[in-house]
Amino acid sequence: MIVYHGSYLEIQSPDLVHSRMTVDFGRGFYTTPLYEQAAKWCEKFKRSGKPGIVSRYCFDERAYQELKILEFENYSEEWLDFILKCRTGNDTSDYDIVIGGVANDKVFNTVELYFDNLIDKREAIRRLRFEKPNLQICFRTQKALDKYLHYEGSEQL
């Protein structure tokens with residue numbers, strides 16, 4: 001499967017050293033099979049005067065048989081609980097790869113409302129999902145990156 005990563009740099013050898021901890025699926029290298037989504041991830045860099053670069057990789061799907069993978073088929077209570085753990089730095093799971101939907105930019109406001117019991121999980125999930133289809137694949141171990149993700153090239157937007 002072809003996947004993409006949007007950044008301001010070409011990334012030929014992804015690693016975990018440069019990733020942040022408290023994002024949707026925790027520390028990892030984030031990709032998507034949707035080119036348009038990776039291009040959108042580049043917009044924030046372009047707004048700050050940096051280039052937008054979409055790197056392309058081949059994801060070896062043998063990983064599904066050989067690694068520990070968590071996949072969320074849709075926005076659910078389990079998805080929300082996992083994102084809340086990751087975004088608050090409380091995730092202790094050992095998944096190599098996590099796959100699922102992207103929480104939108106209003107996540108912090110929604111999480112605050114949920115934590116304060118002002119909205120329930122169902123309403124939080126409704127508010128967190130994007131209207132357009134999206135998908136992120138987070139490679140959370142260096143083993144997953146080195147063995148199952150192979151750089152193919154990049155394009156500057």
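The chain is numbered in sequence order, starting from 1.
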Novice: Which pair of non-hydrogen atoms, one from C42 and one from G6, has the smallest distance, and what is that distance?
Specialist: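 Result for this residue pair: SG-CA, 3.6 Å.
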
Novice: Below 4.0 angstrom, N of the basic side chain to O of the carboxylate: do D91 and R140 qualify?
Specialist: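 Result for this pair is yes, salt bridge flagged.
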
Novice: For ring pair (Phe, Tyr, Trp, His ring centres under 6.0 Å), just list the numbers for F29 and H5, CA-CA rounded to whole Å, side-chain angles, deciding distance to a tenth of an Å, and then say yes or no.
Specialist: CA-CA 8 Å; F29 185 73; H5 174 82; 4.2 Å; yes

Novice: Between I125 and R122, does a side chain to side chain contact (heavy atoms under 4.5 Å, CB included) hold up when you go through it step by step?
Specialist: CA-CA 5 Å; I125 291 165; R122 188 176 184 176; 5.9 Å; no

Novice: Assess whether a salt bridge exists between D94 and K68, defined as any Lys/Arg side-chain N lying under 4.0 Å from an Asp/Glu carboxylate O.
Specialist: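 Looking at K68 together with D94, the answer is yes, because their closest N to O distance falls below 4.0 Å.
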
Novice: Under 4.5 Å between side-chain heavy atoms, counting indirect links through other Ile/Leu/Val/Met/Phe/Trp/Tyr residues: same cluster for L9 and Y35 or not?
Specialist: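 Different clusters.
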
Novice: Under 3.5 Å, side chain of S55 to main-chain N/O of I11, donor-acceptor pair present?
Specialist: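 Confirmed, S55 side chain pairs with I11 backbone.
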
Novice: Contact between V102 and Q37 at the side-chain level, heavy atoms closer than 4.5 Å - yes or no?
Specialist: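 Answer yes - side chains close enough.
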
Novice: Quick one: do Y57 and L157 end up in the same hydrophobic cluster if we chain Ile, Leu, Val, Met, Phe, Trp and Tyr together by side-chain heavy atoms under 4.5 Å apart?
Specialist: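 No, Y57 and L157 fall in different hydrophobic clusters.
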
Novice: V23 and Y30: which non-hydrogen atoms are nearest, and at how many Å?
Specialist: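 Nearest heavy atoms, V23 then Y30: CG2-OH, 3.3 Å.
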
Novice: Would you say the side chain of L113 lies within less than 4.5 Å of the side chain of E123, judging by non-hydrogen atoms?
Specialist: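 No, too far: nothing below the 4.5 Å cut-off.
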
Novice: Within a strict 4.5 Å, meaning less than it, do heavy atoms of the Y4 and R56 side chains meet?
Specialist: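 When only atoms from C-beta onward are counted, R56 and Y4 do touch, with a gap below 4.5 Å.
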
Novice: Examine distances only and state if a side-chain atom of E66 and a backbone atom of E61 form a donor-acceptor pair shorter than 3.5 Å.
Specialist: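 No, the answer is negative, given that no donor and acceptor are paired below the 3.5 Å cut-off.
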
Novice: Which distance, rounded to the nearest 0.5 Å, do you find between the NZ of K143 and the CG of L16?
Specialist: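 Taking NZ in K143 and CG in L16, the distance rounds to 13.5 Å.
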
Novice: State, yes or no, whether a side-chain contact exists between T32 and N134 at a heavy-atom distance under 4.5 Å.
Specialist: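 Contact flag for T32/N134 side chains = no.
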
Novice: Just checking H150: does its NE2 atom have more than 12 heavy atoms from other residues, nucleotides or ligands closer to it than 6.0 angstrom?
Specialist: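 Buried by this count: over 12 neighbours within 6.0 Å.
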
Novice: Between atom CG of L135 and atom OG1 of T31, what is the distance when rounded to the nearest 0.5 Å?
Specialist: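 That separation rounds to 8.5 Å.
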
Novice: Under the side-chain contact (heavy atoms from CB on, under 4.5 Å) test, which residues partner F115, sequence neighbours left out?
Specialist: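 Applying side-chain contact (heavy atoms from CB on, under 4.5 Å) to F115 gives L84, T88, V111.
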
Novice: Can you name the nearest heavy-atom pair linking C138 to R27, along with the distance?
Specialist: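 That would be SG-O, 4.2 Å.
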
Novice: Can you get from W41 to V54 by hopping between Ile, Leu, Val, Met, Phe, Trp and Tyr side chains that sit under 4.5 Å apart?
Specialist: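 Not linked; separate clusters.
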
Novice: Can you tell if the side chain of F25 reaches within under 4.5 Å of the side chain of L70, non-hydrogen atoms only?
Specialist: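 Of all side-chain heavy-atom pairs linking L70 with F25, none is under 4.5 Å.
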
Novice: Before giving the answer on side chain to side chain contact (heavy atoms under 4.5 Å, CB included), spell out for L149 and V3 the whole-Å C-alpha distance, their side-chain angles and the decisive distance to 0.1 Å.
Specialist: CA-CA 9 Å; L149 193 68; V3 295; 3.7 Å; yes

Novice: Heavy atoms only: give me the nearest S154-I53 pair and the separation to one decimal.
Specialist: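 Answer, listing the atom of S154 first, then I53: CB-CG2, 3.9 Å.
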
Novice: Provide the closest heavy-atom pair for G101 versus Q136 in the form atom of the first, atom of the second, distance.
Specialist: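 Scanning both residues, the minimum pair turns out to be O-NE2, 3.1 Å.
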
Novice: Hey, mind stepping through I99 and Y64 against side chain to side chain contact (heavy atoms under 4.5 Å, CB included) and telling me if it holds?
Specialist: CA-CA 11 Å; I99 302 168; Y64 283 97; 3.3 Å; yes

Novice: Would you give the length of the straight line joining atom CD of E73 to atom CD of E78, rounded to the nearest 0.5 angstrom?
Specialist: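 E73 atom CD to E78 atom CD measures 12.0 Å (nearest 0.5 Å).
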
Novice: Hey, does W79 have a side-chain heavy atom less than 4.5 Å from the side chain of N74?
Specialist: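 Of all side-chain heavy-atom pairs linking W79 with N74, none is under 4.5 Å.
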
Novice: Is the ring centre of F139 less than 6.0 Å from the ring centre of Y148?
Specialist: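 No; Y148 has its ring centre 6.0 Å or more from that of F139.
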
Novice: For residues D24 and R87, report the shortest heavy-atom separation together with the two atoms involved.
Specialist: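 Taking every non-hydrogen atom into account, OD1-NH2, 2.6 Å.
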
Novice: With a 4.5 Å heavy-atom cut-off, do F59 and I97 have their side chains touching?
Specialist: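 Sidechains of I97 and F59: in contact.
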
Novice: Using a 6.0 Å cut-off, check whether atom OH of Y8 has over 12 heavy atoms from anything other than its own residue.
Specialist: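 Incorrect, the count does not exceed 12.
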
Novice: If we only count heavy atoms from C-beta on, is the T22 to R20 side-chain gap below 4.5 Å?
Specialist: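 Counting from C-beta outward, T22 and R20 never come under 4.5 Å.
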
Novice: Do K40 and E36 sit within salt-bridge range, that is, some charged N less than 4.0 Å from a carboxylate O?
Specialist: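 Salt bridge between K40 and E36, a charged N being under 4.0 Å from a carboxylate O: no.
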
Novice: Give the cluster check for V17 versus M21: same hydrophobic cluster or not, with ILVMFWY residues linked at side-chain heavy-atom distances below 4.5 Å.
Specialist: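 They do not share one cluster, since no chain of ILVMFWY contacts under 4.5 Å joins V17 to M21.
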
